[in-house]
Amino acid sequence: MSKLRILYVSSEVDPFLNTSKIADFVRALPTAMQERGMEIRILVPRFGSINERKNRLHEVVRLSGITIPMGDDEKPLTIKVASIPAAKLQVYFIDNEDYFQRKYVLTDKEDAFYEDNHERAIFFCKGALETVVKLGWSPDVIHCNDWMSSFVPLYISSYYRSHPIFKDSKTIFSPHNTSFDFTFSVDDLKEKVKIGDMDDEHLSSLDAGDYASFIKIGAEFADKIVSLENADNSRIQLIIDEFQDKTFQNIADNDLDFFEKTYIELAGN
């Protein structure tokens, strides 16, 4: 039997960037699953605070030349790679000069939330999937973590549903409650999210344009939702309850047997 292929999509991973528990989760779980015989890839944004020289990031030239549709614009995608030496895990970094080459992560030096963070999340999700296509690597399961990865289940269930790389891929969405108090322009949000023949009706979960909207669209289109016990989900519990038929709640982030079993069952092996 071939190795199970698991793709992790996340806003951060230790040791490259660690601002929340997500970074630890996306370091520990993939490492453990690799030790259990699974083939792992991790995709994160290349935020400007990540030191490329120290972390030995280098551009993957053979993956160059990709542009990502963002509303009426096309934005160039640069893909960089590094490895976590202790774990021998490959991490791919999604980069774009306009979106990610800033000193700070999600807020400026005055701690104001960047008004284009919705665009950065959308570009990241679209770029992540195009990177996987370019790699020619078909994931059995795509485990998405929190709001910045929330459009991946949407795209897998629609635009990429018949794509040979993703036609058998299943998605898991894990909210981590790294919430923000910011509301985006709904019209701009929806226009940037769209890809292919997607219309507004398909994006009704985004109608509020806030943090809960990102969580709701991730939950709506994911095959499974895994809610972790160490996350305070009070703000989004109603959303989780709405999709309780496909939700595992209060799962310990170190419950390796649960994750292994879930990945295997979801992949149909």
Practice item. Answer with yes or no whether the hydrophobic clustering places Val186 together with Phe182; edges join I, L, V, M, F, W, Y residues whose side-chain heavy atoms lie under 4.5 Å apart. Key: no

Exercise for review: Run the ring-centre check on Tyr160 versus Tyr155 and record whether the distance is less than 6.0 Å.
Suggested key: no

Practice item. From the options Lys224, His143, Lys170, select the one residue that forms a side-chain hydrogen bond (donor to acceptor under 3.5 Å, both in side chains) with Tyr263. Key: His143

**Study point:** Shortest non-hydrogen contact between Phe221 and Ser157, atoms and distance
**Key:** CD2-OG, 3.2 Å

**Study point:** Minimum-distance pair of heavy atoms, taken over all atoms of Ala87 and Gln34
**Key:** O-NE2, 2.6 Å

Review point. Salt bridge check: are Lys246 and Asp223 linked by an N-O gap of less than 4.0 Å?
Key: no

Point to revise | Min side-chain heavy-atom separation Asn117-Trp147 under 4.5 Å | key: yes

Review point. Would a 4.5 Å heavy-atom cut-off, applied to side chains only, mark Glu265 and Glu260 as touching?
Key: no

Practice item. Answer yes or no: are there more than 12 heavy-atom neighbours, outside Arg56 itself, under 6.0 Å from its atom CZ? Key: no

Point to revise | Residue pair Lys134 / Ile66, side-chain heavy-atom distance below 4.5 Å | key: yes

Check your understanding: Just wondering, do Leu154 and Met198 contact through their side chains at under 4.5 Å, heavy atoms?
Key -> yes

Practice item. Taking all non-hydrogen atoms of both residues into account, name the closest pair between Arg27 and Ala86 and its distance. Key: NH2-CB, 3.8 Å

Review point. NZ of Lys21: more than 12 outside heavy atoms within 6.0 angstrom?
Key: no

Check your understanding: Are Leu238 and Glu242 side-chain neighbours, meaning at least one heavy-atom pair lies under 4.5 Å?
Key -> no

Check your understanding: Quick check: does any side chain N or O of Asp95 sit under 3.5 Å from a backbone N or O of Phe100, one acting as donor and the other as acceptor?
Key -> no

Practice item. Using a strict cut-off of less than 4.0 Å between a Lys/Arg side-chain nitrogen and an Asp/Glu carboxylate oxygen, indicate whether Arg36 and Asp257 qualify as a salt bridge. Key: yes

**Study point:** Ser205 and Glu220: side chain donor to acceptor below 3.5 Å
**Key:** yes

Exercise for review: Is it possible for you to say whether Phe180 and Tyr99 belong to one hydrophobic cluster, with membership spreading through side-chain heavy-atom contacts below 4.5 Å?
Suggested key: yes

Review point. Just by modelled atom types, is the Leu57 backbone N or O under 3.5 Å from a matching donor or acceptor in the Asn55 side chain?
Key: no

Point to revise | Side-chain touch Val44/Ile94, heavy atoms, less than 4.5 angstrom | key: no

Point to revise | Phe93 ring center near Phe16 ring center (under 6.0 Å) | key: yes

Review point. Where the side chain of Asp146 meets the backbone of Met148, is there a donor-acceptor pair that is under 3.5 Å apart?
Key: no

Check your understanding: Salt bridge check: are Lys194 and Asp200 linked by an N-O gap of less than 4.0 Å?
Key -> yes

Review point. Does NZ or CZ of Arg102 fall inside the cone over Tyr114's six-membered ring, less than 6.0 Å from its centre and within 45° of the axis?
Key: yes

Review point. Taking atom CD of Glu74 as the centre, does the number of heavy atoms from other residues, nucleotides or ligands within less than 6.0 Å exceed 12?
Key: yes

Check your understanding: Would you call Asn145 and Val9 a side-chain contact if the rule is heavy atoms closer than 4.5 Å?
Key -> no

Check your understanding: Taking the six-membered ring for Trp, are Phe184 and Phe214 ring centroids under 6.0 Å apart?
Key -> yes

Point to revise | Side-chain donor or acceptor of Glu12 paired with backbone N/O of Thr19 under 3.5 Å | key: yes

Review point. Within the side chain of Ser138, is there an N or O that forms a donor-acceptor pair under 3.5 Å with the backbone of Ile165?
Key: yes

Check your understanding: Would Arg5 and Asp168 pass as an ion pair if we require N to O under 4.0 Å?
Key -> no

Practice item. Give the minimum heavy-atom separation between Lys167 and Arg161, together with the two atoms involved. Key: O-NH2, 2.8 Å

Practice item. Please report the closest heavy-atom contact between Ile236 and Pro175, naming both atoms and the distance. Key: CD1-CB, 3.6 Å

Review point. Given the rule in the ring-ring contact (aromatic ring centres under 6.0 Å, His included) test, do Phe258 and Phe248 qualify, once you have shown the distances and angles that lead to the verdict?
Key: CA-CA 10 Å; Phe258 163 81; Phe248 299 101; 5.1 Å; yes

Review point. Short question: side chain of Ser174, backbone of Val226 - any donor-acceptor pair under 3.5 Å?
Key: yes

Point to revise | Donor-acceptor contact below 3.5 Å, side chain Asp108 vs main chain Ala112 | key: yes

Practice item. Please report the closest heavy-atom contact between Val152 and Ile142, naming both atoms and the distance. Key: CG1-CG2, 4.0 Å

Review point. Quick one: do the His176 and Ser20 side chains pair a donor with an acceptor below 3.5 Å?
Key: no

**Study point:** Pair Lys190 + Asp207: basic N to acidic O under 4.0 Å
**Key:** yes

Point to revise | Greater than 12 external heavy atoms within 6.0 Å of Asp199's CG | key: yes

Exercise for review: Answer yes if the ring centres of Phe123 and His118 are under 6.0 angstrom apart, and no otherwise.
Suggested key: no

Check your understanding: In terms of hydrophobic clusters joined by side-chain contacts under 4.5 Å, are Tyr104 and Phe113 together?
Key -> no

Review point. Checking Asn96 side chain against Pro76 main chain: does a donor-acceptor pair fall under 3.5 Å?
Key: yes

Check your understanding: Are any of the side-chain heavy atoms of Pro139 and Phe166 separated by less than 4.5 Å?
Key -> yes

Review point. Do Glu52 and Arg46 meet the salt-bridge criterion of a basic N to acidic O distance under 4.0 Å?
Key: yes

